[in-house]
Peer 1: 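Quick one: this structure, given as structure tokens, is what I'll be asking you about.
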Amino acid sequence: MATAHAARRGPAVLGDLLPGSLARDAALVAGAAAFVGVAAQIAVPLPGTPVPVTGQTFAVLLAGAALGFGRAGLGMIVYLLAGMAGVPWFTDGASGAGFPTFGYVLGFVVAAAVVGRLAERGGDRTPLRTVATMLTGTAIMYAAGVPYLMASLHVGLGKALHLGVTPFLAGDALKVALAAALLPAAWKLTGRLNGRSS
């Protein structure tokens with residue numbers, strides 16, 4: 001009965017639209033880790049802060065929304081553990097854990113999982129809900145990254161916010177706006193392709 005109800009309800013996240021089960025999920029988890037790893041190489045250093053502008057935070061948010069709680073969280077765990085083990089796919093080809101921005105990477109796991117859970121509940125179906133979902137994920141990344149930055153650089157909260165939050169607010173707002181345009185549009189497109197409204 002529950003299975004029939006789930007089938008009628010339709011996909012919870014965009015990743016559910018792909019055929020398959022275990023093999024699909026394994027590919028999506030590995031793909032999410034690789035996607036964030038590639039996006040991390042899009043990095044622009046900013047003067048006066050060890051935190052660069054990168055594409056990886058946007059990739060984390062998109063992966064979370066597209067894959068849902070379990071797959072997105074697991075994908076970020078793969079990204080984290082593989083990078084700690086020596087895969088050079090953190091920002092600028094870094095690996096390991098001995099850099100000031102590692103706290104943000106830790107935050108990716110929770111942020112992707114939370115965004116995924118919110119997306120499973122329709123948090124990426126309309127622009128307004130997508131904005132709220134993406135802001136939540138962004139706040140989680142900051143909440144993990146700033147304390148690590150404080151400990152790593154031996155600075156207070158105000159300085160850490162100046163180094164790791166303030167310079168990125170405008171860029172993160174742009175990423176949120178872009179996601180708010182892309183994700184609901186993707187749902188509408190898939191609804192049209194499948195002959196139903198989303």
Side-chain angles (χ1 to χ4, degrees), residues 1-40 42 53-80 104-105 107-144 168-198:
M1 184 73 170
T3 305
H5 177 69
R8 284 195 305 272
R9 189 182 58 193
V13 292
L14 290 167
D16 293 337
L17 295 168
L18 299 175
S21 55
L22 184 59
R24 172 200 64 189
D25 290 345
L28 289 173
V29 166
F35 177 48
V36 174
V38 169
I42 304 169
V53 174
T54 73
Q56 67 186 151
T57 54
F58 187 56
V60 169
L61 296 173
L62 287 182
L67 301 187
F69 175 81
R71 290 174 298 208
L74 188 55
M76 294 309 100
I77 289 171
V78 170
Y79 175 67
L80 169 67
Y104 295 97
V105 179
F108 293 168
V109 176
V110 180
V114 170
V115 167
R117 178 65 78 209
L118 293 172
E120 288 171 353
R121 297 178 178 178
D124 64 341
R125 302 294 179 107
T126 68
L128 190 58
R129 282 189 282 177
T130 303
V131 166
T133 297
M134 298 299 138
L135 286 176
T136 300
T138 301
I140 290 169
M141 288 186 266
Y142 281 140
F168 307 98
L169 292 176
D172 285 337
L174 182 60
K175 293 173 187 177
V176 168
L178 187 56
L182 289 176
L183 291 167
W187 277 113
K188 286 183 181 177
L189 178 60
T190 60
R192 288 196 200 100
L193 292 176
N194 290 307
R196 64 175 183 270
S197 60
S198 59

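Because the structure is a prediction, the values reported are computed rather than measured. One-based numbering along the sequence shown.
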Peer 1: Could you tabulate the donor-acceptor pairs under 3.5 Å formed by side-chain atoms of residues 110-117, not counting sequence neighbours?
Peer 2:
from : atom 1 : to   : atom 2 : distance (Å)
R117 : NH1    : E120 : OE1    : 2.6

Peer 1: What are the two closest heavy atoms between V109 and M76, and how far apart are they?
Peer 2: CA-CB, 3.7 Å

Peer 1: Hey, does D124 have a side-chain heavy atom less than 4.5 Å from the side chain of T133?
Peer 2: no

Peer 1: Run the side chain to side chain contact (heavy atoms under 4.5 Å, CB included) check on L183 and L62 step by step: do they pass?
Peer 2: CA-CA 8 Å; L183 291 167; L62 287 182; 4.3 Å; yes

Peer 1: Are a donor atom and an acceptor atom from the side chains of Y79 and Q56 found within less than 3.5 Å of each other?
Peer 2: yes

Peer 1: Would you name the heavy atoms of A144 and G107 that are closest together and state the gap between them?
Peer 2: CB-CA, 3.5 Å

Peer 1: To the closest 0.5 Å, what do you measure between CG (L61) and CG (L182)?
Peer 2: 12.0 Å

Peer 1: If every non-hydrogen atom of A72 is compared with every non-hydrogen atom of G64, which pair is closest and at what distance?
Peer 2: CB-CA, 3.5 Å

Peer 1: Give a yes or no on whether the backbone of G122 and the side-chain of R129 come within a donor-acceptor separation of less than 3.5 Å.
Peer 2: yes

Peer 1: Measuring only between side-chain heavy atoms, which start at C-beta, is T138 closer than 4.5 Å to F168?
Peer 2: no

Peer 1: How far apart are the closest heavy atoms of T130 and A179, and which atoms are they?
Peer 2: CG2-O, 3.5 Å

Peer 1: Between K175 and D172, does a side chain to side chain contact (heavy atoms under 4.5 Å, CB included) hold up when you go through it step by step?
Peer 2: CA-CA 5 Å; K175 293 173 187 177; D172 285 337; 3.6 Å; yes

Peer 1: Start with the C-alpha distance between T57 and Y142, add both sets of side-chain angles, then the distance that settles side chain to side chain contact (heavy atoms under 4.5 Å, CB included), and finish with yes or no.
Peer 2: CA-CA 10 Å; T57 54; Y142 281 140; over 6 Å; no

Peer 1: Atom CZ of F69 and atom CG of L74: how far apart are they, to the nearest 0.5 Å?
Peer 2: 10.5 Å

Peer 1: Can you give me the closest heavy-atom contact between M134 and A65, atom names plus distance?
Peer 2: CE-CB, 3.9 Å

